[in-house]
Student: 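Structure provided below as C-alpha coordinates; questions to follow.
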Amino acid sequence: MKGFTSTILHSDLRRPIEHGSLHKPVHTSVAFGYDNAREIAEVFQGKRKGYSYARQINPTVAALEEKITLMEAGLATACFATGMAAIAAVMFALLRQGDHLVSSRFLFGNTNSLFNTLTNMGIEVSFVDATDADEVAAAIRPETRMVFVETIANPCTQVSDLEGIGRLCEERGLLYVVDNTMTSPWLFRPVTVGAGLVINSLTKFIAGHGDVLGGAVTETGRFDWSRYPNIYDVYKKGEPSGWGLLQIKKKGLRDTGGTLSAMAAHQIAIGAETLALRLDRSSSNAQTLAAFFAHHPAIERVFYPGLPVHPEHERARALFRSFGSLMSIELKEGIDCFEVLDALRLPIVSSNLGDNRTLAIPVAQTIYFEMGPERRASMGISDGMIRLSIGIEDIDDLLDDFRHGLPT
Ligand SMILES: *Cc1c(COP(=O)(O)O)cnc(C)c1O
(Lines give C-alpha, C1' and ligand atoms only; values in the text may rest on other atoms or scores of the structure.)
Protein backbone atom coordinates (compact mmCIF):
# COMPACT_ATOMS: atom_id res chain seq x y z
CA MET A 1 0.00 0.00 0.00
CA LYS A 2 1.56 3.27 -1.08
CA GLY A 3 -1.15 5.91 -1.29
CA PHE A 4 -1.25 8.54 1.44
CA THR A 5 -4.95 8.22 2.26
CA SER A 6 -5.18 4.42 2.06
CA THR A 7 -2.15 4.15 4.33
CA ILE A 8 -3.69 6.43 6.96
CA LEU A 9 -7.09 4.74 6.76
CA HIS A 10 -5.71 1.26 7.29
CA SER A 11 -2.74 1.93 9.56
CA ASP A 12 -4.46 0.82 12.77
CA LEU A 13 -5.14 -2.63 11.36
CA ARG A 14 -1.49 -3.20 10.56
CA ARG A 15 -1.32 -4.56 14.10
CA PRO A 16 -3.77 -6.89 15.84
CA ILE A 17 -6.49 -4.72 17.30
CA GLU A 18 -8.95 -5.49 20.07
CA HIS A 19 -12.12 -7.29 18.83
CA GLY A 20 -11.28 -6.42 15.22
CA SER A 21 -12.33 -2.87 16.02
CA LEU A 22 -11.87 -0.60 12.98
CA HIS A 23 -10.61 2.22 15.14
CA LYS A 24 -7.92 1.97 17.75
CA PRO A 25 -9.97 1.95 21.00
CA VAL A 26 -9.73 4.88 23.42
CA HIS A 27 -7.71 3.58 26.35
CA THR A 28 -8.50 5.60 29.43
CA SER A 29 -6.30 3.77 31.92
CA VAL A 30 -3.59 5.84 33.57
CA ALA A 31 -1.49 2.84 34.61
CA PHE A 32 -1.01 -0.68 33.32
CA GLY A 33 -0.76 -4.03 35.11
CA TYR A 34 1.86 -6.71 34.56
CA ASP A 35 1.96 -10.49 34.89
CA ASN A 36 4.95 -10.37 37.18
CA ALA A 37 7.32 -7.97 38.86
CA ARG A 38 10.19 -8.66 36.50
CA GLU A 39 8.07 -7.48 33.55
CA ILE A 40 7.42 -4.05 35.04
CA ALA A 41 11.11 -3.65 35.75
CA GLU A 42 11.98 -4.54 32.16
CA VAL A 43 9.43 -2.06 30.80
CA PHE A 44 10.82 0.71 32.99
CA GLN A 45 14.37 -0.13 31.91
CA GLY A 46 13.39 -0.03 28.23
CA LYS A 47 14.23 -3.71 27.74
CA ARG A 48 10.68 -4.70 26.89
CA LYS A 49 7.94 -2.86 25.01
CA GLY A 50 5.06 -1.95 27.25
CA TYR A 51 3.07 0.82 28.82
CA SER A 52 4.37 2.38 32.00
CA TYR A 53 2.27 5.42 32.85
CA ALA A 54 -0.11 7.40 30.63
CA ARG A 55 1.78 10.68 30.95
CA GLN A 56 4.51 9.01 28.88
CA ILE A 57 2.68 6.55 26.69
CA ASN A 58 -0.82 5.31 25.97
CA PRO A 59 -1.94 2.72 23.38
CA THR A 60 -4.39 5.09 21.62
CA VAL A 61 -1.79 7.84 21.43
CA ALA A 62 0.82 5.32 20.24
CA ALA A 63 -1.48 4.36 17.33
CA LEU A 64 -1.76 8.03 16.33
CA GLU A 65 2.02 8.41 16.61
CA GLU A 66 2.39 5.56 14.15
CA LYS A 67 -0.04 7.22 11.73
CA ILE A 68 1.92 10.47 11.84
CA THR A 69 5.19 8.62 11.33
CA LEU A 70 3.70 7.06 8.19
CA MET A 71 2.42 10.43 6.97
CA GLU A 72 5.84 12.05 7.40
CA ALA A 73 7.75 9.00 6.13
CA GLY A 74 9.74 9.18 9.37
CA LEU A 75 11.11 6.72 11.91
CA ALA A 76 9.04 7.52 15.00
CA THR A 77 6.83 10.22 16.50
CA ALA A 78 6.02 11.64 19.94
CA CYS A 79 2.63 13.28 20.40
CA PHE A 80 1.87 16.18 22.74
CA ALA A 81 -1.14 18.02 24.11
CA THR A 82 -0.61 20.94 21.69
CA GLY A 83 1.76 22.08 18.98
CA MET A 84 3.35 24.49 21.45
CA ALA A 85 3.95 21.64 23.93
CA ALA A 86 5.76 19.79 21.12
CA ILE A 87 7.98 22.76 20.26
CA ALA A 88 8.68 23.54 23.92
CA ALA A 89 9.60 19.91 24.60
CA VAL A 90 12.13 19.90 21.73
CA MET A 91 13.81 23.06 23.03
CA PHE A 92 13.72 22.03 26.68
CA ALA A 93 15.04 18.54 25.98
CA LEU A 94 17.78 19.41 23.50
CA LEU A 95 19.18 22.85 24.41
CA ARG A 96 21.36 23.87 27.32
CA GLN A 97 22.63 27.12 28.74
CA GLY A 98 25.21 28.66 26.38
CA ASP A 99 23.74 27.03 23.28
CA HIS A 100 22.69 29.03 20.25
CA LEU A 101 19.61 28.59 18.08
CA VAL A 102 19.17 30.03 14.59
CA SER A 103 15.50 30.63 13.88
CA SER A 104 13.48 32.06 11.07
CA ARG A 105 12.18 35.47 12.08
CA PHE A 106 8.90 34.73 10.33
CA LEU A 107 7.30 32.68 13.07
CA PHE A 108 4.03 31.65 14.60
CA GLY A 109 3.46 34.26 17.36
CA ASN A 110 3.66 31.92 20.34
CA THR A 111 6.80 30.23 19.01
CA ASN A 112 8.35 33.69 18.79
CA SER A 113 7.32 34.31 22.40
CA LEU A 114 8.76 30.95 23.52
CA PHE A 115 12.09 31.67 21.82
CA ASN A 116 12.25 35.03 23.58
CA THR A 117 11.77 33.16 26.86
CA LEU A 118 14.70 30.92 25.93
CA THR A 119 16.92 33.98 25.59
CA ASN A 120 16.20 34.73 29.25
CA MET A 121 17.35 31.24 30.20
CA GLY A 122 20.86 31.49 28.78
CA ILE A 123 20.11 30.25 25.29
CA GLU A 124 20.87 32.71 22.51
CA VAL A 125 18.56 32.98 19.54
CA SER A 126 19.34 34.66 16.21
CA PHE A 127 16.25 35.53 14.19
CA VAL A 128 17.07 35.60 10.47
CA ASP A 129 15.31 35.87 7.11
CA ALA A 130 14.95 32.15 6.39
CA THR A 131 13.84 32.71 2.80
CA ASP A 132 17.59 33.00 2.18
CA ALA A 133 19.92 30.17 3.28
CA ASP A 134 22.87 32.60 3.21
CA GLU A 135 21.29 34.56 6.06
CA VAL A 136 21.08 31.36 8.07
CA ALA A 137 24.69 30.50 7.21
CA ALA A 138 25.87 33.95 8.34
CA ALA A 139 24.26 33.47 11.76
CA ILE A 140 25.90 30.11 12.55
CA ARG A 141 28.42 30.05 15.40
CA PRO A 142 30.44 27.32 17.10
CA GLU A 143 27.71 27.02 19.79
CA THR A 144 24.87 26.71 17.26
CA ARG A 145 22.92 23.53 17.95
CA MET A 146 19.84 23.85 15.83
CA VAL A 147 18.16 25.65 12.94
CA PHE A 148 14.40 26.13 13.22
CA VAL A 149 12.11 27.18 10.36
CA GLU A 150 8.48 26.99 9.31
CA THR A 151 7.48 25.88 5.81
CA ILE A 152 5.01 28.67 4.98
CA ALA A 153 5.10 31.42 7.59
CA ASN A 154 2.26 33.12 9.32
CA PRO A 155 0.78 35.59 8.33
CA CYS A 156 2.76 36.85 5.28
CA THR A 157 3.29 33.38 3.77
CA GLN A 158 7.06 33.60 3.29
CA VAL A 159 8.40 30.24 2.12
CA SER A 160 11.70 29.28 3.77
CA ASP A 161 14.61 28.18 1.61
CA LEU A 162 13.89 24.67 2.81
CA GLU A 163 16.30 22.90 0.44
CA GLY A 164 19.15 25.39 0.82
CA ILE A 165 18.95 25.33 4.63
CA GLY A 166 18.78 21.53 4.52
CA ARG A 167 22.04 21.37 2.55
CA LEU A 168 23.64 23.89 4.89
CA CYS A 169 22.64 21.93 8.00
CA GLU A 170 23.96 18.73 6.48
CA GLU A 171 27.31 20.35 5.64
CA ARG A 172 27.64 21.83 9.13
CA GLY A 173 26.27 18.81 10.99
CA LEU A 174 23.45 20.89 12.48
CA LEU A 175 20.06 19.66 13.64
CA TYR A 176 17.39 20.96 11.24
CA VAL A 177 13.92 21.34 12.76
CA VAL A 178 11.02 22.13 10.43
CA ASP A 179 7.57 23.16 11.63
CA ASN A 180 5.40 21.60 8.91
CA THR A 181 2.06 22.80 10.32
CA MET A 182 1.13 25.08 7.41
CA THR A 183 1.79 22.51 4.70
CA SER A 184 1.10 19.28 6.60
CA PRO A 185 2.62 16.04 5.32
CA TRP A 186 0.07 15.97 2.51
CA LEU A 187 1.57 19.03 0.81
CA PHE A 188 5.19 18.56 1.89
CA ARG A 189 7.48 16.14 3.71
CA PRO A 190 10.43 17.92 5.37
CA VAL A 191 12.42 14.65 5.39
CA THR A 192 12.90 15.23 1.64
CA VAL A 193 15.00 18.34 2.35
CA GLY A 194 17.00 16.78 5.16
CA ALA A 195 15.04 17.82 8.27
CA GLY A 196 16.04 15.83 11.35
CA LEU A 197 12.90 16.63 13.32
CA VAL A 198 9.48 17.59 11.96
CA ILE A 199 6.91 19.41 14.07
CA ASN A 200 3.19 19.44 13.36
CA SER A 201 0.47 21.22 15.26
CA LEU A 202 -2.17 18.50 14.92
CA THR A 203 -4.75 21.10 15.91
CA LYS A 204 -4.63 22.59 12.44
CA PHE A 205 -4.88 20.65 9.16
CA ILE A 206 -4.23 17.12 10.43
CA ALA A 207 -7.18 17.07 12.86
CA GLY A 208 -8.85 19.67 10.67
CA HIS A 209 -12.19 20.32 12.33
CA GLY A 210 -11.27 22.92 14.94
CA ASP A 211 -12.44 20.68 17.79
CA VAL A 212 -9.27 19.23 19.30
CA LEU A 213 -5.71 20.31 20.22
CA GLY A 214 -2.58 18.27 19.62
CA GLY A 215 1.06 18.38 18.55
CA ALA A 216 3.71 16.00 17.27
CA VAL A 217 7.45 15.68 16.80
CA THR A 218 8.63 13.19 14.19
CA GLU A 219 12.16 11.81 14.00
CA THR A 220 13.11 11.41 10.33
CA GLY A 221 16.38 9.49 10.73
CA ARG A 222 18.29 12.15 8.76
CA PHE A 223 20.30 13.51 11.70
CA ASP A 224 23.26 11.72 13.26
CA TRP A 225 22.61 12.08 16.99
CA SER A 226 26.04 10.69 17.84
CA ARG A 227 27.32 14.16 16.75
CA TYR A 228 24.93 16.02 19.05
CA PRO A 229 26.66 17.07 22.28
CA ASN A 230 23.58 17.29 24.53
CA ILE A 231 22.42 13.68 24.58
CA TYR A 232 22.59 12.19 28.08
CA ASP A 233 24.43 8.87 28.35
CA VAL A 234 21.31 7.02 29.56
CA TYR A 235 19.56 7.84 26.28
CA LYS A 236 22.38 6.58 24.07
CA LYS A 237 20.56 3.29 23.67
CA GLY A 238 20.51 1.31 20.42
CA GLU A 239 20.99 3.05 17.07
CA PRO A 240 21.91 6.77 17.30
CA SER A 241 18.95 7.55 15.01
CA GLY A 242 16.65 6.95 17.98
CA TRP A 243 18.51 8.93 20.65
CA GLY A 244 17.04 12.35 19.97
CA LEU A 245 13.40 11.34 20.13
CA LEU A 246 14.06 9.18 23.19
CA GLN A 247 15.49 12.21 25.00
CA ILE A 248 12.55 14.35 23.82
CA LYS A 249 10.14 11.72 25.18
CA LYS A 250 11.96 11.54 28.54
CA LYS A 251 13.17 15.09 29.19
CA GLY A 252 10.42 16.73 27.17
CA LEU A 253 7.19 14.76 27.37
CA ARG A 254 7.71 12.84 30.62
CA ASP A 255 9.31 15.62 32.65
CA THR A 256 7.14 18.52 31.49
CA GLY A 257 3.87 16.58 31.17
CA GLY A 258 2.35 18.08 28.03
CA THR A 259 0.64 14.78 27.28
CA LEU A 260 -1.99 14.22 24.60
CA SER A 261 -5.09 12.54 26.00
CA ALA A 262 -6.38 9.28 24.51
CA MET A 263 -9.72 10.89 23.62
CA ALA A 264 -7.96 13.72 21.79
CA ALA A 265 -5.74 11.20 19.97
CA HIS A 266 -8.86 9.38 18.80
CA GLN A 267 -10.45 12.59 17.49
CA ILE A 268 -7.24 13.59 15.71
CA ALA A 269 -7.00 10.14 14.11
CA ILE A 270 -10.53 10.49 12.74
CA GLY A 271 -9.76 13.93 11.33
CA ALA A 272 -6.49 12.70 9.79
CA GLU A 273 -8.38 10.21 7.63
CA THR A 274 -9.60 13.03 5.36
CA LEU A 275 -6.54 15.29 5.46
CA ALA A 276 -5.78 14.93 1.74
CA LEU A 277 -9.41 15.44 0.67
CA ARG A 278 -9.93 18.50 2.83
CA LEU A 279 -6.67 20.15 1.95
CA ASP A 280 -7.10 19.60 -1.79
CA ARG A 281 -10.44 21.35 -1.58
CA SER A 282 -9.38 24.22 0.67
CA SER A 283 -6.18 24.80 -1.37
CA SER A 284 -8.20 24.96 -4.55
CA ASN A 285 -10.65 27.41 -2.93
CA ALA A 286 -7.72 29.50 -1.71
CA GLN A 287 -6.13 29.61 -5.16
CA THR A 288 -9.40 30.85 -6.71
CA LEU A 289 -9.94 33.46 -4.00
CA ALA A 290 -6.34 34.70 -4.18
CA ALA A 291 -6.75 35.31 -7.92
CA PHE A 292 -10.00 37.21 -7.20
CA PHE A 293 -8.39 39.33 -4.45
CA ALA A 294 -5.38 40.11 -6.65
CA HIS A 295 -7.59 42.26 -8.90
CA HIS A 296 -9.90 43.69 -6.27
CA PRO A 297 -9.81 47.50 -5.89
CA ALA A 298 -10.11 47.39 -2.08
CA ILE A 299 -7.03 45.20 -1.70
CA GLU A 300 -3.50 46.54 -1.71
CA ARG A 301 -1.71 43.22 -1.58
CA VAL A 302 -2.38 39.50 -1.38
CA PHE A 303 0.03 37.20 0.42
CA TYR A 304 -0.37 33.74 -1.08
CA PRO A 305 2.40 31.49 -2.45
CA GLY A 306 0.09 30.30 -5.24
CA LEU A 307 0.20 33.69 -6.97
CA PRO A 308 2.99 34.15 -9.53
CA VAL A 309 3.84 37.58 -7.99
CA HIS A 310 4.68 35.94 -4.65
CA PRO A 311 8.48 36.19 -4.16
CA GLU A 312 8.83 32.46 -3.43
CA HIS A 313 6.18 31.23 -5.85
CA GLU A 314 8.60 29.09 -7.89
CA ARG A 315 10.10 27.56 -4.76
CA ALA A 316 6.67 26.73 -3.37
CA ARG A 317 5.67 25.21 -6.68
CA ALA A 318 8.75 23.02 -6.77
CA LEU A 319 8.40 21.84 -3.16
CA PHE A 320 4.70 21.65 -2.31
CA ARG A 321 1.85 19.62 -3.80
CA SER A 322 -0.32 22.74 -3.72
CA PHE A 323 -0.10 26.14 -2.06
CA GLY A 324 -2.27 25.50 0.98
CA SER A 325 -5.23 27.34 2.40
CA LEU A 326 -3.61 30.12 4.39
CA MET A 327 -3.40 33.64 2.98
CA SER A 328 -3.41 37.23 4.10
CA ILE A 329 -4.81 40.30 2.44
CA GLU A 330 -3.78 43.87 3.06
CA LEU A 331 -6.56 46.38 2.59
CA LYS A 332 -5.97 49.70 0.83
CA GLU A 333 -5.12 52.55 3.15
CA GLY A 334 -8.25 54.11 4.66
CA ILE A 335 -10.33 50.93 4.56
CA ASP A 336 -11.18 49.73 8.06
CA CYS A 337 -10.48 46.02 8.48
CA PHE A 338 -13.03 45.76 11.30
CA GLU A 339 -15.79 47.04 9.00
CA VAL A 340 -14.80 44.62 6.26
CA LEU A 341 -14.75 41.68 8.68
CA ASP A 342 -18.14 42.62 10.10
CA ALA A 343 -19.63 42.84 6.59
CA LEU A 344 -18.63 39.27 5.73
CA ARG A 345 -21.21 36.60 6.53
CA LEU A 346 -19.45 33.33 5.80
CA PRO A 347 -15.96 33.63 7.30
CA ILE A 348 -15.94 33.30 11.07
CA VAL A 349 -13.83 35.85 12.91
CA SER A 350 -11.58 33.46 14.78
CA SER A 351 -7.94 32.85 15.68
CA ASN A 352 -7.59 29.26 14.55
CA LEU A 353 -6.56 28.01 11.13
CA GLY A 354 -6.86 24.75 9.25
CA ASP A 355 -10.56 24.36 10.03
CA ASN A 356 -13.13 23.18 7.47
CA ARG A 357 -14.78 26.57 7.90
CA THR A 358 -13.23 29.73 6.50
CA LEU A 359 -11.78 31.78 9.36
CA ALA A 360 -10.67 35.41 9.32
CA ILE A 361 -8.78 37.54 11.81
CA PRO A 362 -7.35 41.08 11.95
CA VAL A 363 -3.67 40.28 12.52
CA ALA A 364 -1.97 43.32 14.08
CA GLN A 365 -4.73 43.86 16.64
CA THR A 366 -4.92 40.25 17.88
CA ILE A 367 -2.45 37.38 17.38
CA TYR A 368 0.51 39.71 16.72
CA PHE A 369 -0.55 42.45 19.15
CA GLU A 370 1.67 41.40 22.05
CA MET A 371 4.93 41.59 20.09
CA GLY A 372 4.54 45.34 19.55
CA PRO A 373 4.68 47.64 16.50
CA GLU A 374 8.43 47.36 15.85
CA ARG A 375 8.62 43.60 15.56
CA ARG A 376 5.34 43.65 13.61
CA ALA A 377 6.85 46.07 11.12
CA SER A 378 9.94 43.86 10.78
CA MET A 379 7.62 40.98 9.91
CA GLY A 380 5.72 43.07 7.34
CA ILE A 381 2.47 43.12 9.32
CA SER A 382 0.37 46.25 8.74
CA ASP A 383 -2.76 47.41 10.60
CA GLY A 384 -4.95 46.65 7.58
CA MET A 385 -3.96 43.02 7.33
CA ILE A 386 -6.51 40.21 7.54
CA ARG A 387 -5.41 36.61 7.75
CA LEU A 388 -7.68 34.07 6.12
CA SER A 389 -7.72 30.34 6.61
CA ILE A 390 -9.82 29.18 3.69
CA GLY A 391 -12.18 26.29 4.35
CA ILE A 392 -13.96 23.71 2.25
CA GLU A 393 -17.17 25.68 1.61
CA ASP A 394 -18.54 25.82 -1.93
CA ILE A 395 -16.36 28.27 -3.82
CA ASP A 396 -19.31 30.20 -5.27
CA ASP A 397 -20.58 30.97 -1.78
CA LEU A 398 -17.15 32.22 -0.75
CA LEU A 399 -16.77 34.38 -3.87
CA ASP A 400 -20.29 35.83 -3.43
CA ASP A 401 -19.62 36.70 0.16
CA PHE A 402 -16.33 38.48 -0.50
CA ARG A 403 -17.87 40.28 -3.48
CA HIS A 404 -20.55 41.69 -1.19
CA GLY A 405 -18.37 42.26 1.87
CA LEU A 406 -15.46 44.13 0.28
CA PRO A 407 -15.98 47.81 -0.57
CA THR A 408 -15.60 48.69 -4.27
C1 LIG B 1 -0.82 26.76 15.63
C2 LIG B 1 0.61 26.61 15.35
C3 LIG B 1 1.47 26.13 16.33
C4 LIG B 1 1.02 25.80 17.72
O5 LIG B 1 0.07 24.78 17.74
P6 LIG B 1 -1.03 24.62 18.92
O7 LIG B 1 -1.57 23.27 18.66
O8 LIG B 1 -2.01 25.73 18.76
O9 LIG B 1 -0.27 24.73 20.20
C10 LIG B 1 2.80 26.01 16.02
N11 LIG B 1 3.28 26.33 14.80
C12 LIG B 1 2.47 26.79 13.82
C13 LIG B 1 3.05 27.13 12.49
C14 LIG B 1 1.10 26.95 14.07
O15 LIG B 1 0.31 27.43 13.12
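Both ligands and their constituent atoms are indexed starting at 1 by order of listing.
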Student: Any chance the side chains of His310 and Gln158 put a donor and an acceptor closer than 3.5 Å?
Tutor: no
Student: Can you name the ring-ring contact (aromatic ring centres under 6.0 Å, His included) partners of His209, sequence neighbours left out?
Tutor: none
Student: If you look at each N/O of ligand 1, which protein N/O atoms lie under 3.5 Å away, and at what distance?
Tutor:
residue  : atom   : partner : partner atom : Å
ligand 1 : 5 (O)  : Ser201  : OG           : 3.0
ligand 1 : 7 (O)  : Gly83   : N            : 2.8
ligand 1 : 7 (O)  : Ser201  : OG           : 2.8
ligand 1 : 7 (O)  : Thr203  : OG1          : 2.6
ligand 1 : 9 (O)  : Gly83   : N            : 3.1
ligand 1 : 9 (O)  : Met84   : N            : 2.9
ligand 1 : 11 (N) : Asp179  : OD2          : 2.7
ligand 1 : 15 (O) : Lys204  : NZ           : 2.8

Student: Hey, mind stepping through Glu170 and Arg167 against salt bridge (charged side-chain N to carboxylate O under 4.0 Å, His left out) and telling me if it holds?
Tutor: CA-CA 5 Å; Glu170 183 157 12; Arg167 276 193 300 272; over 6 Å; no
Student: Applying the side chain to side chain contact (heavy atoms under 4.5 Å, CB included) test to Pro185, which of Leu70, Thr218, Ile206 qualifies?
Tutor: Ile206
Student: Using distance alone, with no hydrogens and no angle criterion, decide if Asn200 and Glu72 have a side-chain donor and acceptor under 3.5 Å apart.
Tutor: yes
Student: For a quick check under 3.5 Å, do Thr181 and Glu150 share a side-chain donor-acceptor pair by atom type?
Tutor: no
